[in-house]
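Computed from a predicted structure; not experimentally measured. In what follows, chains carry the letters A, B, and so on, assigned in the order in which the sequence lines appear, proteins first and then strands, with residues in each chain numbered from 1.
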2 protein chains.
Amino acid sequence: MVILSTSKNKTKYLILGLLSEQPLSGYEIKKIVDIRFSFFWNESFGQIYPELKKLEAEGLARMLETLNEDGKQKSSKKFSITQAGQKELEKWLKEPVEKEMVRYELLLKLYFSNSISGSTMLEHIREFQIIHRKQQMIFDKFEEELNRDIDMHENHRAILMVLNFGQKVWKAYDEWCNEVISIIDQNK
Amino acid sequence: MVILSTSKNKTKYLILGLLSEQPLSGYEIKKIVDIRFSFFWNESFGQIYPELKKLEAEGLARMLETLNEDGKQKSSKKFSITQAGQKELEKWLKEPVEKEMVRYELLLKLYFSNSISGSTMLEHIREFQIIHRKQQMIFDKFEEELNRDIDMHENHRAILMVLNFGQKVWKAYDEWCNEVISIIDQNK
DNA sequence: GGCGGCATGTAAGTTGTTACATGATTAA
DNA sequence: TTAATCATGTAACAACTTACATGCCGCC
């Protein structure tokens, strides 16, 4: 039995990465991923909460005081990163990037589209285009925001690069949609 | 308890889709996915073999004769699609496309790259670029091949569109890499 | 008083990966 | 004859989703 220690479990590093910026609760982590990362990452509560527990047990994260000044229980449990956690994060950041994982159901359907009518396929592609155009508007808004208060995040420059990836790839999606739509339209 | 029947299990449809073109064995399915679909899909043996069994049990696929003319056992088990299977495939093809799923570890690392040196990040991006340039050459070769024997597959046109998706998106990757590399280089 | 958002958490199920076992055939 | 490739399969595990339970808080 060969033991391989390639760092799978990416949830761990996502959480450590976010905690390295500021203390956060599980709920806040989920919100950030949904809003800012959704175009290249996803996580569910079912992964985040257990992982936070595990990180605490391993000494990579620490739960902050859960009492208010008045002695009452706070509603949310915030976690901060420990030194060991920061070290673990940096170790992962230096490791080679594993192949991204993608699964485009649209392309699968298109590949097999012989079995259905062109107009059905057309609908699928139009739907794809609409959804991704909405995301493009979100990119624009976020980029504008970032350019306005330039020092909101110290990792401002890196965020812009990530955003730019989305912009470029989503633009490619859009152009492809236009091309494919016109091809299918001609052949109807 | 609410039962929702959105067709998850995509392996099923991938197999049905491939079988709708020609009878195939599990091994051949895996090969096709690895070679032709790898840029937008993946499957492992651990999914394919059990799924084939299930499809047969459900009457959506049928195992072909496993004896040669000389009465000896063939080494591979080929499956063909049944009428019920073809119907099931078409049903799925008409259903709305579910959101594609993507996970770019590179972007996650870039987002958190404050914690590491620019040169490490640069290496990651160069590596990403190299890997994807190799894929671009594969796209080119496959496209050329398709344009040569124009009737090799009856779904020739659809395949070209799928390929074109890869071409466009991979080009966007490449341009992004160049930009990001030059930005990081300037700031070193 | 009820609704929506905030907030934490888990149990059950599904999906997907990996390592391993096994054996046939082919090419050097 | 030995290594590679073809070929099938499964068991154990890891990852991930989903539905559900629970309760707070503010506000209309």
Side-chain angles (χ1 to χ4, degrees), chain A residues 1-15 23-35 37-38 41-57 61 63-64 66-68 70 72-79 98-103 105 108, chain B residues 1-15 23-35 37-38 41-57 61 63-64 66-68 70 72-79 98-103 105 108:
Chain A
M1 167 66 152
V2 184
I3 291 131
L4 74 159
S5 63
T6 42
S7 42
K8 272 280 166 187
N9 199 1
K10 306 292 169 57
T11 309
K12 178 175 170 180
Y13 300 105
L14 171 97
I15 294 177
L24 292 167
S25 68
Y27 194 83
E28 288 171 318
I29 289 169
K30 173 76 166 124
K31 251 196 324 189
I32 290 172
V33 173
D34 282 354
I35 295 170
F37 289 21
S38 66
W41 205 265
N42 71 296
E43 294 289 348
S44 65
F45 284 126
Q47 291 165 268
I48 292 169
Y49 284 119
E51 190 60 39
L52 272 170
K53 228 182 200 175
K54 238 174 91 186
L55 287 175
E56 204 192 14
M63 204 198 292
L64 298 184
T66 57
L67 296 179
N68 282 315
D70 55 9
K72 260 179 63 185
Q73 196 73 21
K74 278 186 194 168
S75 53
S76 88
K77 290 186 186 176
K78 292 220 184 195
F79 291 82
E98 273 173 56
K99 199 189 170 297
E100 74 275 8
M101 99 93 108
V102 296
R103 270 188 158 191
E105 200 188 313
L108 212 53
Chain B
M1 163 72 148
V2 184
I3 289 133
L4 74 159
S5 63
T6 43
S7 44
K8 272 282 168 186
N9 199 3
K10 308 290 168 59
T11 309
K12 177 175 171 180
Y13 301 105
L14 170 97
I15 294 177
L24 292 167
S25 68
Y27 193 83
E28 289 170 318
I29 290 169
K30 172 75 166 126
K31 251 196 323 190
I32 291 173
V33 174
D34 283 354
I35 293 171
F37 290 21
S38 67
W41 205 266
N42 71 297
E43 293 290 348
S44 64
F45 284 125
Q47 290 166 267
I48 293 169
Y49 285 119
E51 190 59 39
L52 273 171
K53 227 181 198 173
K54 241 175 89 186
L55 288 175
E56 203 191 14
M63 203 197 293
L64 298 184
T66 58
L67 297 179
N68 281 316
D70 56 6
K72 260 179 64 185
Q73 195 73 22
K74 278 187 194 167
S75 53
S76 87
K77 291 185 187 175
K78 293 220 183 195
F79 292 83
E98 274 174 54
K99 198 188 170 297
E100 73 274 9
M101 98 93 110
V102 296
R103 270 188 156 191
E105 201 189 312
L108 211 53

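Considering only side-chain N and O atoms, B:Ser44 lies under 4.0 angstrom from the phosphate OP1 or OP2 of C:dT17. Look at A:Ser25 and you'll find a side-chain N or O under 4.0 angstrom from OP1 or OP2 of C:dT8. Residue B:Thr11 places at least one side-chain N or O under 4.0 Å from the OP1 or OP2 atom of C:dG16. Taking only side-chain nitrogens and oxygens, B:Gln47 comes nearer than 4.0 Å to OP1 or OP2 of C:dT17. Between A:Lys53 and C:dT10 there is a side-chain polar atom (N or O) within less than 4.0 angstrom of OP1 or OP2.
Between the CH2 atom of B:Trp41 and the C1' atom of C:dG16 there is a distance of 12 Å, rounded to whole Å. The separation between B:Glu98 atom CD and D:dC16 atom P is 17 Å, rounded to whole Å. With rounding to whole Å, A:Glu43 atom CD is found 14 Å from D:dT18 atom P. Distance, A:Met101 CE to C:dT17 C1': 10 Å, rounded to whole Å. The CG-C1' distance, from B:Leu14 to C:dT15, rounds to 15 Å in whole Å. As a whole-Å value, the separation of A:Asn42 CG from D:dA15 P is 14 Å. Whole-Å rounding puts the A:Tyr27 OH to D:dC24 P distance at 17 Å. Computed from coordinates, the B:Ile29 CD1 to D:dG9 P distance equals 11 Å when rounded to whole Å.
In the set D:dT10, D:dA15, C:dT8, C:dT8 carries the atom at the smallest distance from any side-chain atom of A:Ser76. Counting only heavy atoms from C-beta on, B:Arg103 has its side chain closest to D:dC16 among D:dC16, C:dG9, C:dT18. Side-chain proximity of A:Lys8 to D:dT18, D:dG9, D:dA15: nearest is D:dA15. Here the side chain of B:Lys77 is nearest to one of C:dT18, D:dT10, D:dT8, namely D:dT8.
Although no hydrogens or angles enter the test, the distance criterion places no donor-acceptor pair under 3.5 Å between the side chain of A:Lys77 and the main chain of A:Ser25.
Of all heavy-atom pairs spanning A:Asn42 and A:Val33, the tightest one is CA-CG1, 4.0 Å.
Under the 4.5 Å side-chain criterion, counting only non-hydrogen atoms from C-beta, A:Leu55 is not in contact with A:Phe79.
Of the two residues near DNA chain D, B:Lys31 and B:Gly46, the one whose nearest nucleotide lies more 5' is B:Lys31. Mapping A:Phe45 and B:Pro50 onto DNA chain D via the closest heavy atom, the residue that lands nearer the 5' end is B:Pro50.
Partners of A:Glu56 by salt bridge (Lys or Arg N to Asp or Glu O under 4.0 Å), not counting sequence neighbours: none found.
Checked by atom type, the side-chain pair A:Glu51/A:Thr11 shows no donor-acceptor distance below 3.5 Å.
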